[in-house]
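Okay, structure first, notes after.
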Amino acid sequence: MEEAFNASDFIREIVRDDVKGGRVRQVVTRFPPEPNGYLHIGHAKSIFINFEIAREFGGKTNLRFDDTNPLKEDAEYVKAIQEDVQWLGYQWDGMFFASDYFEEMYQRAVLLIQKGLAYVDDQSADEIRETRGTLTEPGLNSPFRSRPVEENLVLFEQMRHGQFADGAKVLRAKMDMASPNLNLRDPVLYRISHALHHNTGDTWCIYPMYAFAHPLEDAIEGVSHSLCTLEFKDQRPLYDWVVRECEMPHVPRQYEFGRLNLTDTIMSKRSLKQLVDEGLVDGWDDPRMPTISGLRRRGFTPEAIRSFVRELGVTVAGGEVDYKLLEHHIRQDLSPKVPRAMAVLRPLKVIITNYPEGRVEMMDAEVNPEDESMGTKQIPFSREIYIEQEDFMEVPPPKYFRLFPGNEVRLRNAYFIRCEDVVKDEFGRVVEIHCTYDPETKSGSGFSGRKVKGTIHWVDGHTAIPAEFRLYEALLKGTEEELSPSVDLKSRLNPKSLEVLHGFVGKDLEKVAAYDKFQFVRQGYFQADPKDFRSDRKVFNQIVSLKSSYPMK
Ligand code: ATP
Ligand code: MG
């Protein structure tokens, strides 16, 4: 892994003080996803913070599934989340499920009832919402608020045993309906839901709410620092109340940091699930998705994602991060590591008229100019080659240094060629060009007779392997508000988010396997798609473009 992260931020300050002051003997953090979807790049930030901080202080990190809502959760997500966390480079010390603690949570709720701190409320969800008050007005006490303890105990037990329908009753904390913090106005602790749970089946028909369950989960596991995103800040007093009033022997503390938001990116699992369910993308791992599995399929590396979230740091401030920063990190990571190769995405055939028919020459090509130890490879060259359509113009604009009638360019790793003639079809479109080559100009021969301004890439025509290239743009377009979970996502879809091209790669890519990554010269970084790639069907996903290079160097 990368060098230790010695940054200082407000959370690390707190942890350091707690350890120094002896308040905390062992640092224990947790990453607590709800298994109701796949992880996204925002979760990577949380994973990074939780695992790295614990590691720096010699502590532990749990993976805990916060599975308290059976209607939305699924074992498929549990599996996918584990895979993604490990792929990001982290191994949890313990893996737990909130549902394993349902019995203990129930007993703690009974304790609250016995202490006169919780009551069964017969009001409907709507009534509870309507009597909650506003920021300027206090709420109204429920008519059931002063139910005797004995009655509450009986009713709560009946709730557990399935004697009431969904929504007929809830268990609420008896706190303060006039509290300026709306979270403390008798929050709901338990609701009835006759649903099958992915882990506990039909054992339970009442389920704890997040605000009650989360602090108990942390306390049961001995979590020292419960790190979460800012929207939970106002819940902190409730968190502390639950731990205290439930008389948990271990006292965890909650701290909040800023959520990651990316430009043109939607991050809520609910919205991402909608894209999947409506068939607007090719599953959770569609390469345009901001999910970890989508980024992996696209060709991102765990190293790049980690260095991206490391650069973000642990700030409280929110705000959108430019997607370009993530792209910067993947380029930084791939550039020294991956082989260069030539691929032609939009092919135009070139015949080199003075090159002997049937002759094949092997040309030397550096695998990666940034790393000599990666050596050289041999690529075939013959009378027919493919170049990019955009590397030829019949009528060139000023400063166009590529091929046009009469002009000479360098073929990377091969010869200089000069355009002599153009072949058109019946509609006047250029379908083939004829060139001559100069045998003196072979790459590596030290030829210094004259210079040309343009160098273009190519693929040998006789050995070219057909390939599909998938180019991506942002899946959605819009400002932060325009992409909020409440908008109609369909209206925000970018019609240009996927472009499929059919071109060629060279024979040097004959043995390519899923997940292999390349820099296609002048085109960008690509990965062999792990889902659709077969030995007879080469599919490459563009991970990220190179920086724009026009006019060509
Ligand atoms: P979503 O709204 O995407 O469903 P969530 O917060 O409901 O996200 P959880 O599964 O509850 O998802 O999240 C697990 C942990 O990841 C939580 O501690 C949460 O705060 C954190 N997390 C989720 N989204 C982000 C984000 N965009 N940036 C940083 N941390 C995040
Ligand atoms: Mg959630």
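From a predicted model like this one, the values you see are computed outputs, not experimental measurements. Note that ligands are numbered from 1 as they come in the structure, with each ligand's atoms numbered from 1 the same way.
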**Request:** Using distance alone, determine whether K45 and ligand 1 share an N or O pair under 3.5 Å.
**Result:** no
**Complete:** Numbered in order shown, the ligand 1 atoms found under 4.0 Å of a heavy atom of P33 are 10 (O), 14 (C)
**N-O pairing of D285 and K531 below 4.0 Å** = yes
**Prompt:** For E76, what residues pass the salt bridge (charged side-chain N to carboxylate O under 4.0 Å, His left out) criterion, not counting sequence neighbours?
**Reply:** none
**For E130, all residues meeting side chain to side chain donor-acceptor pair (under 3.5 Å), sequence neighbours excluded** = none
**Prompt:** Are any of the N or O atoms of L260 closer than 3.5 Å to those of ligand 1?
**Reply:** yes
**Request:** Going by heavy-atom distance to atom 26 (C) of ligand 1, choose the closest among G258, C228, G42, S226.
**Result:** G42
**Asked** In terms of side-chain geometry, is the basic nitrogen of R296 or D84 positioned less than 4.0 Å from the acidic oxygen of its partner?
**Response** yes
**Item:** Close approach, R270 and ligand 1, non-hydrogen under 4.0 angstrom
**Value:** no
**Crowding at NZ, K60 (>12 non-hydrogen neighbours, <6.0 Å)** = no
**Complete:** The option among R30, E34, R259 carrying the non-hydrogen atom nearest to atom 6 (O) of ligand 1 is R259
**Min N/O separation S268 to ligand 1 under 3.5 Å** = no
**Prompt:** Is E217 salt-bridged to R30, cutoff N-O under 4.0 Å?
**Reply:** no
**Prompt:** Can you list the atoms of ligand 1 that are under 4.0 Å from a heavy atom of T229?
**Reply:** 19 (C), 20 (O), 29 (C), 30 (N), 31 (C)
